[in-house]
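Quick caveat: nothing in here was measured; it's all calculated off a predicted structure. The figures here come from the full heavy-atom set of this structure, side chains too, leaving out hydrogens, waters and symmetry mates. Residue indices begin at 1 and follow the sequence shown.
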Amino acid sequence: MVKLTPVTKDSLRRNYSYFEGGMQDIINKVKAKFIPADIYHQVLSGELNLFWVEDASDGERFGFTVLSQYASGYEKCPTLVVDHLWLRPGVDVFLEFGAAVHDIAQETEMERLEFNSS
């Protein structure tokens with residue numbers, strides 16, 4: 001079972017190289033025009049939300065996800081967006097991750113869920 005644990009500023013600072021390495025993997029894969037520090041800044045400023053993707057039973061970290069929220073469409077529906085998902089190579093918890101992010105969407109009363117990560 002996977003759980004998504006909100007990342008505190010202190011935890012992000014202590015684990016910056018882990019975060020930076022995963023973000024750099026994402027950037028390299030999609031040839032993005034941003035750098036890990038851009039996302040780091042947005043997380044610290046509260047514009048984006050970062051969660052560790054962990055094993056619910058023992059806390060083993062599988063990776064992380066960056067989530068955001070916005071009002072989508074002409075209806076302005078509250079929408080939760082998976083902006084980035086990075087999982088350690090060889091880790092296969094994608095379906096469990098989907099269930100965990102769906103739970104967060106329900107808990108935060110989001111009407112829509114979007115997945116933007118490569």
Side-chain angles (χ1 to χ4, degrees):
M1 184 83 174
V2 165
K3 70 175 179 175
L4 301 181
T5 304
V7 178
T8 65
K9 290 178 182 181
D10 288 339
S11 179
L12 178 53
R13 287 184 179 116
R14 282 192 315 273
N15 294 279
Y16 182 76
S17 33
Y18 180 86
F19 167 78
E20 180 184 38
M23 283 306 308
Q24 195 60 56
D25 285 349
I26 292 168
I27 290 166
N28 292 344
K29 182 177 183 176
V30 300
K31 298 174 180 41
K33 303 288 188 219
F34 60 87
I35 61 173
D38 294 330
I39 303 300
Y40 177 81
H41 171 73
Q42 288 186 293
V43 169
L44 290 184
S45 68
E47 296 172 53
L48 296 172
N49 300 292
L50 178 65
F51 292 82
W52 299 134
V53 179
E54 299 175 326
D55 187 309
S57 62
D58 64 9
E60 176 187 0
R61 188 175 303 154
F62 298 129
F64 62 83
T65 188
V66 178
L67 305 179
S68 63
Q69 298 175 14
Y70 80 107
S72 71
Y74 64 89
E75 303 156 314
K76 301 296 181 198
C77 290
T79 303
L80 182 66
V81 181
V82 178
D83 290 305
H84 304 289
L85 171 63
W86 180 81
L87 298 171
R88 284 190 338 250
V91 170
D92 184 14
V93 295
F94 187 76
L95 291 178
E96 292 179 51
F97 167 79
V101 79
H102 185 267
D103 290 345
I104 286 180
Q106 285 185 319
E107 291 167 11
T108 56
E109 299 181 357
M110 297 289 116
E111 294 178 19
R112 293 186 179 162
L113 180 59
E114 293 181 6
F115 195 90
N116 190 41
S117 181
S118 58

Worksheet item: Could K76 and E111 be called an ion pair, given the rule that one side-chain N must be under 4.0 Å from one carboxylate O?
Response: no
Discussion item. In this structure, would F94 and L67 fall into the same cluster of hydrophobic residues linked by side-chain contacts under 4.5 Å?
Written reply: yes
Response to the item:
dist Q69:CD -> L48:CG (nearest 0.5 Å) comes out at 10.5 Å
Worksheet item: Do E54 and T5 have side-chain N/O donor and acceptor atoms under 3.5 Å apart?
Response: yes
Worksheet item: Salt bridge or not for E96 and K3, using N-O below 4.0 Å?
Response: no
Fill in: From S72 atom OG to L80 atom CG, the distance as rounded to the nearest 0.5 Å
11.0 Å
Item to complete: Taking atom types as modelled, find out whether D55 and S57 have a side-chain donor-acceptor pair closer than 3.5 angstrom.
Response: yes
Worksheet item: Would S68 and E47 count as a side chain to side chain contact (heavy atoms under 4.5 Å, CB included) if you check the C-alpha gap in whole Å, the side-chain angles of each, and the deciding distance to 0.1 Å?
Response: CA-CA 7 Å; S68 63; E47 296 172 53; over 6 Å; no
Item to complete: Find out if a path of hydrophobic residues (ILVMFWY) with successive side-chain heavy-atom gaps under 4.5 Å connects I35 to I26.
Response: no
Practice prompt. Evaluate the ring-ring contact (aromatic ring centres under 6.0 Å, His included) criterion for residues H84 and F34: first the C-alpha distance (whole Å), next the side-chain angles of each, then the deciding distance (0.1 Å), finally the verdict.
Written response: CA-CA 13 Å; H84 304 289; F34 60 87; 5.6 Å; yes
Worksheet entry | Point-to-point distance, once rounded to the nearest 0.5 Å, from CD of E20 to CD1 of I39 | 12.5 Å
Worksheet item: Between S11 and K9, is there a donor-acceptor pair closer than 3.5 Å when you use the side chain of the first and the backbone of the second?
Response: no
Worksheet item: Between the side chains of T65 and W52, is a donor N or O closer than 3.5 angstrom to an acceptor N or O?
Response: no
Worksheet entry | Ring center gap for F19 and F64 short of 6.0 angstrom | yes
Worksheet entry | Ring-ring centroid check W86 F62, cutoff 6.0 Å | no
Practice prompt. Compute whether any side-chain donor of one residue and acceptor of the other, for D38 and Q42, lie under 3.5 angstrom apart.
Written response: no
